[in-house]
Amino acid sequence: MLSLEDVSISYDGTPAVVGASLEVPDGSVVAVLGPSGCGKSTLLRAVAGLERPTGGRIGWDGADLAGVPTHKRGFALMFQDGQLFTHLTVARNVGYALRLRRAPDVAQRVERLLALVGLEGYGARLPGTLSGGERQRVALARSLAAEPRLLLLDEPLSALDAGLRERLAADLHDILREAGTTTLVVTHDQEEAFALADRLVVMREGRIVQQGDIADVWARPVDAQTALFLGYARVLDGAAAARVLGVVGLEGDAVALRRSALTVAPEPAGGGGPGSDLAGTVRAVRATPDAIRVVVAVPGIGEVDALASPSARTAVGQQVALGVDASRLAVLGRT
Ligand code: ADP
Ligand code: MG
């Protein structure tokens with residue numbers, strides 16, 4: 001198990017990571033999620049042994065890694081752009097670490113790894129002839145070849161376009177589970193984090209602001225900034241939240257909630273108790289490929305996103321019972 005205790009890292013006296021503590025239990029996938037520049041890569045590089053912490057402790061199964069050089073840690077680090085050896089074939093890229101170690105049966109092991117990442121038969125190709133997604137799969141196979149006790153992934157899918165990223169995220173999730181690889185992934189992309197990880201560590205300006213199981217962090221963002229960063233459309237304070245609690249779905253018309261993670265206890269106030277309707281006026285209707293998004297203006301609250309099913313006929317200006325897309329609504333300021 002990897003453990004970080006109160007780790008700080010500075011560049012020339014300027015702090016990049018401040019007091020970070022987290023654990024990556026064996027066999028789990030933990031994602032560090034935060035905006036660009038918040039210190040994610042720095043943290044990962046310190047775990048790899050490429051940066052020296054200015055304070056705190058990085059340990060593996062209780063042993064301090066401070067004096068252990070990168071190549072003796074047994075970790076593998078994979079970057080956003082994979083960084084393959086362009087003059088070597090796919091098979092030689094994947095088998096690189098194995099040959100360095102003079103491991104037996106390199107050819108068979110390379111074939112198995114290529115099959116694991118869905119690239120059977122690609123061994124003789126050169127990286128230049130592969131798509132971005134295929135190159136990332138090769139990079140992943142190469143990282144897994146060394147059978148690292150910890151895999152460190154730095155924005156592994158960020159260089160790919162959206163559709164491919166989604167597919168590869170699902171594959172990567174399965175590959176990591178199948179290989180049972182303990183993994184620490186850092187990313188600025190919440191979808192990537194949600195697709196890959198079991199646990200989420202949210203970072204901002206060098207500090208960890210929240211961590212826990214994905215579902216818990218999603219359901220209870222610690223503050224407004226975190227909620228917005230997790231993709232919430234709107235953040236209400238406690239008083240306003242009490243008035244919309246329990247109202248999910250356009251009454252009469254079907255509303256499809258993508259997630260139903262709003263689990264805050266109801267607090268009836270001023271007549272707007274749980275389950276009550278709130279009148280709103282439809283401001284805009286926007287069709288996306290899988291849903292119709294309706295923006296409803298609610299007096300006293302403002303504009304709230306609702307997600308209607310494609311069959312729902314909702315006209316702009318129509319009075320409706322409020323359908324809150326609860327998955328995108330953070331309720332804060334409550335205890
Ligand atoms: P992230 O990966 O979250 O985008 P980084 O860890 O790369 O963030 O950077 C965190 C902060 O540390 C940024 O302010 C960045 O400018 C700074 N930083 C990163 N690497 C170096 C470096 N080698 N020298 C000086 N400052 C750096
Ligand atoms: Mg980075």
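Counting convention: from 1, in listed order, for ligands and their atoms alike.
Counting protein heavy atoms only, atom 1 (P) of ligand 1 is closest to Gly37 N, 3.4 Å. Atom 9 (O) of ligand 1 has Thr42 OG1, 3.8 Å as its closest protein atom, hydrogens excluded (heavy atom only). In this structure, atom 23 (N) of ligand 1 lies nearest to the protein heavy atom Tyr11 CE2, 3.6 Å. Distance from atom 7 (O) of ligand 1 to its nearest protein heavy atom, with residue and atom name: Ser41 CB, 3.8 Å. Looking from atom 8 (O) of ligand 1 to the surrounding protein, the closest heavy atom is Gly39 N, 3.2 Å.
Shown in contact with Ser36 at under 4.0 Å from a heavy atom are these atoms of ligand 1, numbered in order with element: 4 (O).
Look at Asp189 and Arg165 and you find a salt bridge, because one of the NZ, NE, NH1 or NH2 atoms lies within 4.0 Å of a carboxylate O, short of that distance. Ion pair Arg177/Asp198 flagged as a salt bridge, since at least one NZ, NE, NH1 or NH2 atom sits closer than 4.0 Å to an Asp/Glu carboxylate oxygen.
Linking ILVMFWY side-chain heavy atoms closer than 4.5 Å, directly or via other members, places Trp60 and Val24 in a single hydrophobic cluster. With hydrophobic clusters built from ILVMFWY side chains whose heavy atoms lie under 4.5 angstrom apart, Val68 shares a cluster with Leu43.
Checking Tyr122 against Thr89 by side-chain atom types alone, no donor-acceptor pair falls below 3.5 Å. Side-chain N/O atoms of Thr226 and Arg204 include a donor and acceptor closer than 3.5 Å. Remark: the Ser41 side chain and the Asp154 side chain contain an N/O donor-acceptor pair separated by less than 3.5 Å.
For atom 16 (O) of ligand 1, no protein non-hydrogen atom is found at a distance below 4.0 Å.
With waters left out, the protein N, O or S atoms under 2.8 Å from the Mg ion (ligand 2) add up to 1.
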